[in-house]
Amino acid sequence: MSTPEFCSSPYDGVGIGLRSTHYQTILDTLPKVPWFEALTDNYMNEGGLPLHHLEQVRTHYPLTFHGVGMSLGSADPLDQNYLKKLKALIARFQPIHISDHLCWTSHLGRHSNDLLPMPYTSAALRHVVERIDQVQSFLGQRILVENVSSYLSYKMSVMEEAEFFAEVVKQADCLMLCDINNIYVSASNHQFDAISYLDKMPIERIKEMHLAGYENQGEFLLDTHGEAIHPPVWDLYKQALNRFGNVPTLIEWDTNIPTFDVLLAEREKAQNCINNCVDEYSKEPSNGRTA
Amino acid sequence: MDVPLENLFEQFIAGLYGESIDAGALISASGNLSPQEQLSIYRGSVLGNLSQALGDIFPVVKACVGDDFFNAMAVKYIAENPSRSSSLDDYGEQLPKFISLFPPLQNFPYLEDVALLEWHWHRTFHRRDEVAFDARSLGLVQEQKMDSITFQLPASLTLLESNYPVVKIWEMTSGLVPEQTITLAETQAEGREDFVIWRVDLETKVQVLSEVEAALLKAIQKGDSLGTICQHALSYYPNEEVNEALSAAVAEGWIASYC
């Protein structure tokens with residue numbers, strides 16, 4: 001089998017999460033999207049149609065890899081088989097970067113297949129940092145770690161989430177994926193200030209942001225990625241852009257997935273936010289950071 | 001209070017799978033929600049994700065029993081069969097067996113086999129890609145050695161059998177063929193059927209086998225040589241049927257290689 005020629009366009013602007021329902025539309029119309037994000041866990045099988053489609057998409061677009069199965073916070077040993085499969089996928093598809101979540105997903109072999117929050121303690125911090133270090137050593141590259149939405153606070157937590165997140169990323173010397181929707185959802189559920197959360201982020205490590213739609217359950221906000229991005233999340237995104245500058249951003253939609261044109265419209269909105277922010281950002285004499 | 005991570009995770013995951021835990025000892029009340037209510041959000045999410053995964057892998061079983069029944073059954077299945085993999089593609093292998101033992105489904109004995117078909121269809125869909133067998137390569141085999149060669153089935157191929165016409169049920173429910181009414185008595189009268197699930201390039205296929213085709217593929221799977229297969233088959237079936245079955249095996253892609 002000959003090696004396909006992959007797209008080498010730059011990683012910039014607003015990308016879209018690749019979902020199987022959109023493969024055909026994307027490959028037929030080759031929409032103007034700077035990059036796509038592939039959910040790595042969907043491509044860890046031996047072969048078949050999903051991998052074939054991913055290869056086709058990769059010939060036209062840069063890809064980022066985003067996972068949910070690394071279980072960086074778990075007390076179980078790291079899943080070496082999972083990491084080996086991921087490494088093989090990286091070698092095959094040459095993604096821009098790899099990301100997963102600041103969470104745990106399993107214990108003693110029982111999996112939740114969900115992103116469960118960490119307790120924010122010094123012991124948990126050391127534990128996650130050590131595991132990120134192991135993952136980065138194995139993969140031979142730095143990974144991006146993303147904040148999750150949460151619906152509970154552990155009694156044993158002694159730090160705020162923002163402080164814990166920032167410390168993990170600094171001590172593990174990894175990079176940061178800042179999910180703006182998740183910050184908003186958690187801030188609303190736990191009644192903390194989302195702006196001050198942004199202010200605690202180590203700007204130089206933020207390599208990507210995520211935007212998605214939550215669902216208002218009345219008593220709490222649920223991070224379903226099943227609706228359009230809500231106005232307060234757009235507001236928070238603009239605040240983030242004002243602080244972080246031009247950071248590549250992803251539109252995620254995982255449930256009640258709409259037609260691709262809806263995602264393109266969300267992408268356009270986010271791209272306009274970036275364009276406006278870059279104009280404003282460059283006018284500030286103190287902002288020497290390049291995008 | 002500093003609970004070791006292992007203890008926290010052990011209790012939390014038990015709570016997610018429906019075991020009784022003291023949520024108040026682990027979780028602070030937050031906003032309008034009690035510790036138990038906060039845990040319930042995660043429990044609902046885990047149940048929702050795993051039920052969704054089962055529904056995605058077993059859409060025909062789901063259509064046969066209806067959404068409400070399927071989701072209620074999924075809750076019981078999940079409690080007894082926690083997910084053991086980070087990949088939702090690995091979840092549901094025990095569902096056919098569970099269905100066969102599930103008391104409310106005792107009058108639907110064919111559903112276990114429908115579920116088995118769906119599970120293997122799902123696994124075949126994700127199997128590694130294989131290069132198609134080139135029948136011309138058989139021309140390289142010396143004639144006197146032809147009887148001693150053995151064929152290998154593709155890794156993606158699964159042979160199944162059922163006392164019910166599950167392929168017809170699966171095709172009708174999937175909308176691949178028009179629906180028709182089949183009574184349980186009629187299905188039993190049709191007798192046992194053998195069928196095969198395999199991949200041709202990226203397409204996953206299901207096909208009912210003739211008696212001789214099934215005998216042939218089972219003999220190949222067992223590792224019998226071509227000579228033994230033909231000798232055995234010809235003692236039961238006419239020469240023409242055996243030849244047709246061999247040709248079909250090559251043409252359909254049921255043979256991966258020989259040695």
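The sequence lines fix the lettering, A, B, ..., with proteins before strands; numbering per chain opens at 1. From a predicted model like this one, the values you see are computed outputs, not experimental measurements.
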Might you point out which heavy atoms bring A/L115 and B/Y42 nearest each other, and give the distance in Å?
O-CE2, 4.0 Å
Greatest number of heavy atom pairs closer than 4.5 Å to chain A - which of B/E203, B/R128, B/H126:
B/H126
Side chain, backbone, both or neither: which part of A/L222 has a non-hydrogen atom closer than 4.5 Å to chain B?
side chain
Under 4.5 Å to a heavy atom of chain B? For A/E219 that would be both
Should the heavy atoms of other residues, nucleotides or ligands under 6.0 Å from CD of A/E160 be counted, would the total exceed 12?
no
Given a strict heavy-atom distance threshold of 4.5 Å, which part of A/M70 is in contact with chain B: side chain, backbone, both, or neither?
neither
Can you tell me if CG on B/D201 sees more than 12 non-hydrogen neighbours from other groups inside 6.0 Å?
no
Taking A/R19 for its side chain and A/I257 for its backbone only, find out whether a donor-acceptor pair lies under 3.5 Å.
no
Is there a donor-acceptor pair under 3.5 Å between the side chain of A/W253 and the backbone N or O of A/T255?
yes
Contact winner vs chain A - B/S45, B/S85, B/G48, heavy-atom pairs under 4.5 Å:
B/S85
Pairing of B/R43 and B/E37 as salt bridge, 4.0 angstrom limit:
no
Suppose a student defines contact as a heavy atom less than 4.5 Å from any heavy atom of chain B. Which residues in residues 129-138 of chain A would they list?
none
Apply the side chain to side chain donor-acceptor pair (under 3.5 Å) test between B/R123 and each candidate in B/T204, B/D90, B/D89; give the one that qualifies.
B/D90
Measuring from atom CZ of A/F36 to atom CG of A/L63, what distance do you get when rounded to the nearest 0.5 angstrom?
9.0 Å
Name the region of A/N113, side chain, backbone, both or neither, that has any atom closer than 4.5 Å to a heavy atom of chain B.
both
Name the atoms and distances for all side-chain donor-acceptor pairs under 3.5 Å in residues 4-20 of chain B, with sequence neighbours left out.
residue: B/Y17; atom: OH; partner: A/H111; partner atom: O; Å: 2.5
residue: B/Y17; atom: OH; partner: B/S83; partner atom: N; Å: 2.9
residue: B/E19; atom: OE2; partner: A/R110; partner atom: NH1; Å: 3.0
residue: B/E19; atom: OE2; partner: A/R110; partner atom: NH2; Å: 3.4

Angle class for the A/F164/A/Y120 ring planes (parallel below 30°, perpendicular above 60°, tilted otherwise)?
tilted
Turns out that what part of A/S150 lies under 4.5 Å from chain B's heavy atoms comes down to both
Taking every non-hydrogen pair under 4.5 Å, which of A/N81, A/N42, A/L116 racks up the most with chain B?
A/L116
Pair A/H97-A/H66, ring-ring contact (aromatic ring centres under 6.0 Å, His included): steps then yes or no:
CA-CA 8 Å; A/H97 57 231; A/H66 187 53; 9.2 Å; no
Among B/N32, B/L39, B/I41, which residue forms the greatest number of heavy-atom pairs with chain A at distances under 4.5 Å?
B/I41
Hey, is the main chain of A/A124 close enough, under 3.5 Å, to the side chain of A/T121 for a donor-acceptor pair?
yes
Which of the residues A/P50, A/S71, A/G67 is involved in the greatest number of heavy-atom pairs with chain B at under 4.5 angstrom?
A/P50
A/R92 with A/E55: basic N within carboxylate O range, under 4.0 Å:
yes
Return the option, out of B/Q52, B/R199, B/R127, B/E130, with the maximum number of heavy-atom pairs under 4.5 Å with chain A.
B/R127
Heavy-atom pairs under 4.5 Å with chain B: which of A/Y82, A/W104, A/F220 has the most?
A/W104
So which of B/T124, B/L50, B/L88, B/V131 has the largest heavy-atom pair count under 4.5 angstrom toward chain A?
B/L88
The interface call for B/L33 against chain A, heavy-atom contacts under 4.5 Å, is side chain
Could you look at A/H190 and say if it's the side chain, the backbone, both or neither that has a heavy atom under 4.5 Å from chain B?
both
